[in-house]
Structure formats: structure tokens, C-alpha cells
4 protein chains.
Amino acid sequence: MTSLNAVAPAPRRRESSRLAILDAALALCREEGYARLSIEGIAARAGVGKATIYRWWPSKGAVLLEALDREAAAVTAFPDTGDLVADMRTTFNDVIRFHASPDTGPAFAALIAEAQQDPALGPLLLEHFFMPRRAPIVQRLRQAQRAGQLPETLDVEAVLEVIFGALFHRLLLRSGPLDAAYANFVVDTVFAGTSAVQST
Amino acid sequence: MTSLNAVAPAPRRRESSRLAILDAALALCREEGYARLSIEGIAARAGVGKATIYRWWPSKGAVLLEALDREAAAVTAFPDTGDLVADMRTTFNDVIRFHASPDTGPAFAALIAEAQQDPALGPLLLEHFFMPRRAPIVQRLRQAQRAGQLPETLDVEAVLEVIFGALFHRLLLRSGPLDAAYANFVVDTVFAGTSAVQST
Amino acid sequence: MTSLNAVAPAPRRRESSRLAILDAALALCREEGYARLSIEGIAARAGVGKATIYRWWPSKGAVLLEALDREAAAVTAFPDTGDLVADMRTTFNDVIRFHASPDTGPAFAALIAEAQQDPALGPLLLEHFFMPRRAPIVQRLRQAQRAGQLPETLDVEAVLEVIFGALFHRLLLRSGPLDAAYANFVVDTVFAGTSAVQST
Amino acid sequence: MTSLNAVAPAPRRRESSRLAILDAALALCREEGYARLSIEGIAARAGVGKATIYRWWPSKGAVLLEALDREAAAVTAFPDTGDLVADMRTTFNDVIRFHASPDTGPAFAALIAEAQQDPALGPLLLEHFFMPRRAPIVQRLRQAQRAGQLPETLDVEAVLEVIFGALFHRLLLRSGPLDAAYANFVVDTVFAGTSAVQST
DNA sequence: AAGTAACCGAGACGGTACGTCCGGTCTTTGC
DNA sequence: GCAAAGACCGGACGTACCGTCTCGGTTACTT
């Protein structure tokens, strides 16, 4: 079915180059920091021409996003024990470990930062990184609404913005430790509040 | 008498240059965006040598921070009507107007972004921008604790991180409108939750 | 066959840029003087990136040397009428015209000057500019030695140093006119002396 | 007597600063080379404000010229044994020692170089350095003319230009050793030639 | 099996901005 | 009242990357 209308003859992309680029991007970001990351450097490290990167990615932010996405792919095991707040604690303990890891946290923060200057990266980040990962959490909250554990009128997406935003505060400003205690505090506070609040 | 303690001979800094630099930085940031902001450009616009900027500021982020600080100086009128949640709604409606303004919001977001790559800027931002502005809010919350309106054991600084973080989410990811409705939702949710939660 | 020994893939240098740079260097040197000559200015005038100059030349002196070399390429018609002193007069009248020309003289003087501060330029000047141009004169003098017109033991290279040095004196110190009379005086004096002197 | 008509209050120049500046200039030139010599550096080394240098000297070349002049003041013992060529050999052996010395040679070469780019320095060099030092040699040659040892019509100044120029060649281009053998060769060649040549 | 078209590595190119250094001027402060 | 100290504007330095481009050489479809 897919090949029926295939006008363009499928770009004969070299997979080994793609992987080398993603690996080089992550490694350089870890070792030198995002500020010192450059397309020039990625190309050299990956043993690849610069044009190969420009051919397939619009910006260095997009390269790192794809690299980080690959890295974070296996995290999303999402629990459903029936206890809503307990499940949320579990979930956001996972999330905060991702934020706190020296491998992924700084790169992730750098992506949010880069999105402020690269207009294309913000939507990319939202659609290809955040939304797919939040979808199961949203499902869980909607189900809780149907079960009467949460008010029907509650804007669950906004609730997630509050929780993730609270984590961003410590990730981006280093205003305190990114640990389980903080994650639990945020989850408890917000979900304690939700029963009394109706919507945006 | 004067020469007794006169260790450093007071740097004979030219105030007119300082102001020209701050104005140029803000104007260029507004007109071109932070990404296109450069020390070279600020110097040219301000009619100033680059060295004059490097002499007094460690980075372009620090320049913009000082410029933004001057701009945001007069915002901090803080109400105390006795109704805690109403006062908080008022306060964070002010805050969200700062975030939503095209003059200050993008520059502020850019500063948070820049802090991810400039290790010196994060603490600077925290100490010279956030903490002085949050101090009266913290005072108000402490007073509410003493009045029995909030649990004694509540970590009020963490509460503020949750609220400000929630605003950051929409500021940085543009995941939704930065309006009064969102500010009120966040305030209501968090303060409804605080009575049931003890501490970090 | 071609690929067997093809180790280095021949740097695909853009000839048009090379020529534009040489032309710009000479023109700027003429118009503004060597002191005001800068790599920045050459690049701007030639419509070329600075890196392109730094990639191919070690210094602005080397650029000007190559430019001057190209300019002076066609001068070297060297006569042999059998009359040694007459031929030398002809030759050094040519040389002194090169020194006296406002197009080439000041640039040439500037190169000698620059060689005092750029250790690499001195040898470059000697090997790529002076020696190739003096070679035919040395040949002529050697032949005169074989013909018995000059003492066999005479150090002809040293003789040329005396003559060229005498011209340098007026070129560099402007101690008198750089004209045919001076050239003839120098040639006559030195060659009148050579028959009585043996070597260094 | 001098102070009687002193309308302008005699610039109360601080001699200690003047000497410190000259010493610093010579020392830095020796240690770092003329290329790295800067007014900034001289001022710092001498413990003097930059303005103090600009007040009393027009350029760094002029500073070094004065410094070098002080250094070379005591060289000028000039012999008159009656044997013209022998005296000239003695004289130019002195000169070439000055050129060959690592303390004075490079600084002297640098001054000649600087004169190519600083229009004021050339005449300064000629009048305050060369001419006073050559005057006794010219006297000696004029006396030799009166004594019939040299042709009356000979341009003795031009003769000196040839000899000094020949030394410059090796000083500036390092085309061979600056030793007594070369000095003697130059003197012998030129003076052997002078008896047969009339004038410029 | 040859033709061919895209991808690939390499890296030169015109540019922009970096952060540093120095030139020459001007201002403040102290001796 | 000069001189030290040094801030100031300006401008060039040499470097690092940007994003584009051209060049040979490979690779994998097409014919």
C-alpha cells in the first residue's frame, strides 16, 4: 500500500551515519555542554560531512532532540494500581530521575532553552517529545475522572502543566534538589488541591 | 580620614555609557530577538567600545539581566487585604502580565534559557532577580502561617516554586495562554492543596 | 593509475579569490600605505572572508609579497652586450626604476621593514623574491669571471649585496634621489673597485 | 640666566620618568622584540601613565630612537692615523659591531623598519642619529680630498651611503654574516673604486 | 552489466561574532 | 599643577562556526 503512490524513490539514507551523528551529538553535549556543541563538531566526531547533517535535520536542536528521544524511549512504563496518587508519585519519580541524571537532564534543559531562540524547535519538542510521553498519564487521569476520583470538570492537561512546570523550576534554575521528596511534594500538593478546584 | 580606608580608588565609570548599553540591549532584544543579540551589536548601537561592555559585565546575559531588572523595578506593589488567596491571585496576575508582555516576557524567557549555558548566570538570576521579588510574597505567606491560615510545617518557598514553575511551563513551551485564568487556576489549585500537605 | 599515488586530493582553491586578494592588497597598499593595510581591509575589498586569507597565507606580509612578485614578474629582461659595466648600468637602472616607482617602491620597502618583525618573512623574501631575480645577474658575473673580466676569487654575491644595499639606503632612508645617476655611480664605484679586491 | 625670560613656566618634566621610560623601552625591545613593543607595555613597565609618554614623544619609534641614541652615545671614537683605508676599516668595524650586537642591532633595524610607516621618524633618524655620527667620517674624507688622497670631485656622502647601505643589506635581510671580513670587503671595494669614479 | 542519480566525506567559501589587545584621548585623583 | 592611573571609543587581531557550495568517490536502483 505504501509503495503504490511512492513518487519520490525513498531517500537512500545511510543509517550508520544517522546513528553516528546522534551518538556524537549526545556524547559531545555530555562532555562539553550544549553551549560548546556545534554542527561542525558533531560532523567531525561522527566522521561525517556537515552537509549530511544539514540534509536531514533543520538545526542542532533537532539533532539533539532526536538523540534524546532515542535515549528516553524505554522510560515510559506507566503503572495503574488503582491508587491514583500513588501511581502519580511513581510516575513523577521516574520523570525526576530523568531530569536529575547528568546524562539527560542538562541536555533536556538545553533543548527547552534552545526552543526560546529556535521557533521551530518549540512545537517539535511539544509534539514529538512531551505529548507522546504525557498521553498515558492523561489517559490515567481521564479514567480517574470517569471513576469519580477526580472532578469531571478538571482540566487535566493544565494539572500536568503545573506539575511538570514545578519540576522545570528546579531543573532550569537549580533552586533546589531534584529528588523524590520534591516530586512527592508537588504531586501531593496538586492532587490534594484538585478536588476543590473546578477548571481553567 | 578619607584616605585611610580608601583601598580601591572607586572605578571612575561613565554612567552615560552604562545607560546607553542597557537601553541598546533591551531595544535590540525587542527588535531582533535574543538570538540575534550580540555584544558587537549592543556596542555599535550604544556608540560604545566592546571593551567597555566586557569591562563591566561578564556576558551578554548579565547585561540583559541588569537591563530587565531596571525595567521591572516598579512592578512590586504587593497587596495585603487579609484574604490570602485573593492576594495571591492579585500578585500572580501581575506576574503573568510581566511574562505575557512582548517587551519583557521573551527577554525573560531568553535569560532563563541563557542560564542553561552560562553557569554564572543562573545564580545571578536567582539572587538578583528572583529572590528580591519573591521576598515580600514569602513574608506574606509566613505571616499567614503565624495567623493559622496555612500549616506551620508547610515549605512556602517550595509552594512558590510550584506556582512560578507552572507559569514557566507556558512561558517556555507556549503550551497554552499566559492569562489571568491560568494564573488563578494555578493559585487556586496549589493553595487548595496546601492545607492537606505538610512539607517537602 | 591516477588513484594509486593520489594521497593528497589537491586543495580545490578558488583562483578568483586568490587574485582578488592580491589585487586588493596592492591597491590598498598604494592608496593607504602599508601601515593602514589590514587583513580585515583586504578581505572586505576583495569581497572575501578573512578565513580565506588566513587559510592560504601566514601573514599580511606574505600576501603583499606574492602580490608584488606578480607585479614584478616581467621586469627581468637581462642584457648581455659583452660590455659588463654597461650591462650592469642597464640592469640597475631597471632595478632603481622599480624602487623609485610609487606603485612598487613603498610596498617593497614596507616588505623589508615587515621582515624585521616577522621572522618568517625574511627568508621568504630572500628565497622567493631576491634570489630568483639575482640569479641571472650572478650568472652574468660568473661568466665575466670565466672570461677574465673579473678576478676569479671575487665574491660576486657580496658585490651584489653592496650594490643592492646602496640602493636600499636611499629607498629606506630617503637620503637622496633614487635616479639613474645614483645607480650609475654605485655600479661604477663598485666595479671599479672589484678589480683590486679579492674576496670576503 | 636661562630663567630670566622664561615666560612659559618651563615644563617641569620629571627626569626619573623619562629615564624609566627609555630603560623600559630598551628592555622590552630586547626581551620581546620590537613587534611586541607597545606604548601600553612601556608605560606599565616604567610605572608611568600612558599620557606621560604621549606628552613628550610623538610615537614609540621616537622613544626607542632616544633610548638607542643614549645607548650608542659613547661609540664614536674616530681614528686618524693618516692611512685612510685603515682608518675606514677601523671605523666600519666599530659600526658593524653595533649592527651585530643583539642589544642594539635588532632595535636599530626595527627603527629603520618603523621609519617606513611613520613619516616623521625617517627625517628624525637621519638628522638626530645618522648625520651626527657620520659627520666626523665626512670630515675625515673631506680632509683626505684636500690632501689629494681622494678625487676632489668625489661625492663623499654618496660613498658613505654605499658603505652603510651594504651593511644594511646584511642587517636587514640577514643575507650573510655581519663580521669584520664583510666590513673590510665593503670598505676595500668602495675605496678601491673611488679613485676612478668622479661624482654622482 | 552498465548507466545514472542520489548520497556520502571532505572541506573551501563568504560571513558574523567572538573575546583580546592596543592606539590615542580624556577625566579623575593624588602628590 | 603636573603626573599616575586608567576608563573610554575605535578598530584590527586571529579563531570558531555558521550554512552553502562544489568536488570526487561510492552505492544502489534502473534499464
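Since the structure is predicted, the reported quantities are computational estimates derived from the model, not experimental observations. Per chain, numbering begins at 1; letters A, B, ... match sequence-line order.
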> Are B/Q116 and A/Y34 close enough that a side-chain donor and a side-chain acceptor fall under 3.5 Å?
Replying inline: no
>> Measure CD/D/E40 against C1'/E/dC21 and give the value in whole Å, please.
In response: 8 Å
Please set out all donor-acceptor pairs under 3.5 angstrom arising from side-chain atoms of residues 44-52 of chain D, sequence neighbours excluded.
unit_1, atom_1, unit_2, atom_2, d
D/R45, NH1, D/E31, OE1, 3.2
D/R45, NH2, D/E31, OE2, 2.9
D/K50, NZ, D/E40, OE1, 3.3

>> For a quick test of reading the model: is some side-chain N or O of B/R55 closer than 4.0 Å to OP1 or OP2 of F/dC8?
In response: yes
> Can a side chain N or O of C/S38 be found less than 4.0 Å away from OP1 or OP2 on F/dG11?
Replying inline: no
> Do side-chain atoms of C/E66 reach the backbone of C/A62 as a donor and acceptor pair under 3.5 angstrom?
Replying inline: no
> Side chain of B/K50, base of F/dG11: donor and acceptor closer than 3.5 Å?
Replying inline: no
>> Pick the closest DNA chain F nucleotide for C/R14 and for B/E15 by heavy atoms, then say which residue is nearer the 5' end.
In response: B/E15
> Rounded to whole angstroms, how far apart are CG on D/D118 and C1' on E/dG24?
Replying inline: 14 Å
>> Nearest whole Å is fine: how far is E/dG9 P from A/I42 CD1?
In response: 14 Å
>> Reading DNA chain E from 5' onward, which residue's closest nucleotide shows up sooner: B/G41 or C/A46?
In response: C/A46
>> From CZ of A/R36 over to P of F/dC17, roughly how many Å is that when rounded to an integer?
In response: 7 Å
>> Output the rounded distance in Å from NZ (B/K60) to P (E/dC18).
In response: 7 Å
>> Taking any heavy-atom pair under 4.0 Å as a contact, classify D/A43: base, sugar-phosphate, or nothing.
In response: nothing
> Where the side chain of B/V48 is concerned, which of F/dC9, E/dG9, F/dG14 is the nearest nucleotide?
Replying inline: F/dC9
> Atom CH2 of B/W57 to atom P of E/dG19: distance rounded to whole Å?
Replying inline: 15 Å
> NZ of C/K60 to CD1 of C/I21: how many Å apart, nearest 0.5 Å?
Replying inline: 15.5 Å
> Does C/W56 have C/R14 sitting over its ring (NZ/CZ under 6.0 Å from centre, angle to axis within 45°)?
Replying inline: no
>> Rounded to whole Å, please give me the gap between CZ in C/R12 and P in E/dG9.
In response: 15 Å
> Think D/T52 has a side-chain N or O under 4.0 angstrom from the OP1 or OP2 of F/dA3?
Replying inline: no
> According to a strict under-4.0 Å criterion, is B/S17 in side-chain N/O contact with OP1 or OP2 of F/dC9?
Replying inline: yes
>> Taking any heavy-atom pair under 4.0 Å as a contact, classify A/G47: base, sugar-phosphate, or nothing.
In response: sugar-phosphate
> Mapping B/L37 and C/A51 to their closest nucleotides on DNA chain E, which lands nearer the 5' end?
Replying inline: C/A51
> Given E/dA6, is OP1 or OP2 found less than 4.0 Å from the side-chain N or O atoms of A/W56?
Replying inline: no
>> Can you measure D/I39 atom CD1 to F/dA5 atom P for me and round it to whole angstrom units?
In response: 17 Å
